[in-house]
Amino acid sequence: MSASKTAGAALTRDDFRVKIAVQRVRQDGADHRVIRPARPLKNGALYRARQGYDLLVDRPDGRRIGTLLLLAARSPRSVVYLPLRATAPEPWFGWGDEEPLDLVLAHRAVQLRPSFWKQLRTRINAANATRELRTARVPASDLPEEEHDEGVHDDAVRPYTPGSEGRLGQHVHARTLVLTGGPTAFREAAREIFAVTKDGPPAAASGLYLNGGCNYHVCRALYSWPDLSDHCDQIHVEFAPSWAR
């Protein structure tokens, strides 16, 4: 496989691959392993809006984020860090009350305290922090199959069971959305993001693209509405044509 195809998350018949940087930090008597993209994402942005969160992705970086979600499901001793605040602002977002956020994915087994994240981030972003570059591989079988064939829309409803393993815990601290959960939760979230990257490009390329409008609007929600509570806001994933090079 050529280097250009493995620079992001490359889809093959058997697996997904993504280039990552692995960092190990010891703090407060504990060892921490942090996984992050080997190179910054250019077209993936997360905003906190009035009614939840907007995650905007183009096809390549959406696949990278989806693959990192699948990797988080397989990494019970690691924290996955996506520094999305470094992404150039998407032209249609961030002009009002939206606040750009980073994204952290923490397997439930890590027991990451959100209030601890700021200190850990400072350590891994230090100039002398070491990074080990790798190519991570995730079997394509980890990605759940679609549960319906009705097309992509933002109110897709999945079966809901109170206390379901598909729930993701949400915490915002130090301008970071920390998502915690188990393998099922991360894999179901990855499914929705991959669906947007699959169906977004043909629609957006066929005519005028209006972000947030009804013209070729391709999106998914990471939660069905019965999942929502006072402690769980909607995460709206929307396809956006590449805005940075």
Side-chain angles (χ1 to χ4, degrees), residues 9 11 14-18 35 37 41 44 46 48 51-57 59 61-82 84 101 103-112 114 136-172 176-200 218-239:
L11 175 63
D14 301 316
D15 57 30
F16 302 103
R17 297 177 189 270
V18 61
I35 297 171
L41 279 75
L46 176 65
R48 178 160 57 177
Q51 298 182 343
Y53 304 95
D54 292 309
L55 177 60
L56 307 177
V57 298
R59 192 165 189 258
D61 277 347
R63 286 177 175 264
R64 291 175 72 194
I65 294 172
T67 302
L68 288 165
L69 278 159
L70 295 177
L71 186 60
R74 282 182 161 259
S75 305
R77 295 178 178 82
S78 302
V79 173
V80 178
Y81 170 42
L82 288 79
L84 298 179
L101 298 175
L103 181 62
V104 163
L105 313 172
H107 194 287
R108 185 182 297 114
V110 176
Q111 297 183 336
L112 176 70
R137 173 186 174 276
V138 181
S141 58
D142 280 11
L143 186 66
E145 295 183 358
E146 285 291 303
E147 296 180 353
H148 52 77
D149 296 314
E150 299 176 1
V152 174
H153 47 83
D154 61 354
D155 58 353
V157 176
R158 300 186 299 278
Y160 170 71
T161 302
S164 169
E165 286 296 310
R167 295 284 298 264
L168 284 171
Q170 298 179 359
H171 306 274
V172 175
T176 302
L177 174 62
V178 180
L179 296 180
T180 59
T184 299
F186 287 125
R187 287 170 182 158
E188 289 189 355
R191 176 183 61 196
E192 307 306 330
I193 294 176
F194 271 98
V196 169
T197 66
K198 175 184 175 183
D199 292 332
V218 178
C219 63
R220 281 287 178 102
L222 295 195
Y223 301 89
S224 57
W225 287 109
D227 287 327
L228 299 178
S229 69
D230 292 340
H231 305 289
C232 185
D233 292 324
Q234 188 60 269
I235 301 176
H236 173 249
V237 183
E238 181 180 341
F239 172 79

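The figures here come from the full heavy-atom set of this structure, side chains too, leaving out hydrogens, waters and symmetry mates.
- When all heavy atoms of L105 and A72 are compared, the pair lying nearest together is CB-CB, 3.9 Å.
- Residue L71 comes nearest to A136 through the heavy atom pair CD2-CB, 4.0 Å, listed as atom of the first residue, atom of the second, then distance.
- Taking both residues in full, the closest heavy atoms of Y53 and L46 are given as CB-CD1, 4.1 Å, listed atom of the first, atom of the second, then distance.
- With hydrogens and angles ignored, the 3.5 Å screen pairs a side-chain donor or acceptor of Q170 with a backbone N or O of D233.
- If you take CG on L168 and CZ on F186, they are separated by 5.5 Å, rounding to the nearest 0.5 Å.
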Side chain to side chain contact (heavy atoms under 4.5 Å, CB included) between I235 and L179, intermediate numbers included = CA-CA 11 Å; I235 301 176; L179 296 180; 4.0 Å; yes
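- Between L55 atom CG and L177 atom CG the span is 9.5 Å, to the nearest 0.5 Å.
- Residues that satisfy the side chain to side chain donor-acceptor pair (under 3.5 Å) test with S75, not counting sequence neighbours, are absent from this structure.
- Considering CZ of R17 and CZ of R63, their distance stands at 15.0 Å, rounded to 0.5 Å.
- Side-chain contact between H107 and P183: present, with at least one pair of heavy atoms (C-beta onward) separated by less than 4.5 Å.
- Taking SG of C219 as the start and CG of D199 as the end, the distance is 11.0 Å to the nearest 0.5 Å.
- Partners of R187 according to the salt bridge (Lys or Arg N to Asp or Glu O under 4.0 Å) rule, which considers only residues two or more places apart in sequence or in another chain, are D142.
- Looking at every heavy atom in both residues, L70 comes nearest to A190 through CD2-CB, 3.7 Å.
- Shortest non-hydrogen contact noted between T197 and R59 is O-NE, 3.4 Å.
- Partners of H171 under the side chain to side chain contact (heavy atoms under 4.5 Å, CB included) rule, at least two apart in sequence or in another chain, are P114, V178, T180.
- Between atom CG of residue D15 and atom CG of residue L143 there is a gap of 12.5 Å, rounded to the nearest 0.5 Å.
- In terms of heavy-atom proximity, L222 sits nearest to E192 at CD2-CB, 3.7 Å.
- The CG atom of L82 sits 12.5 Å away from the CG atom of L101 when rounded to the nearest 0.5 Å.
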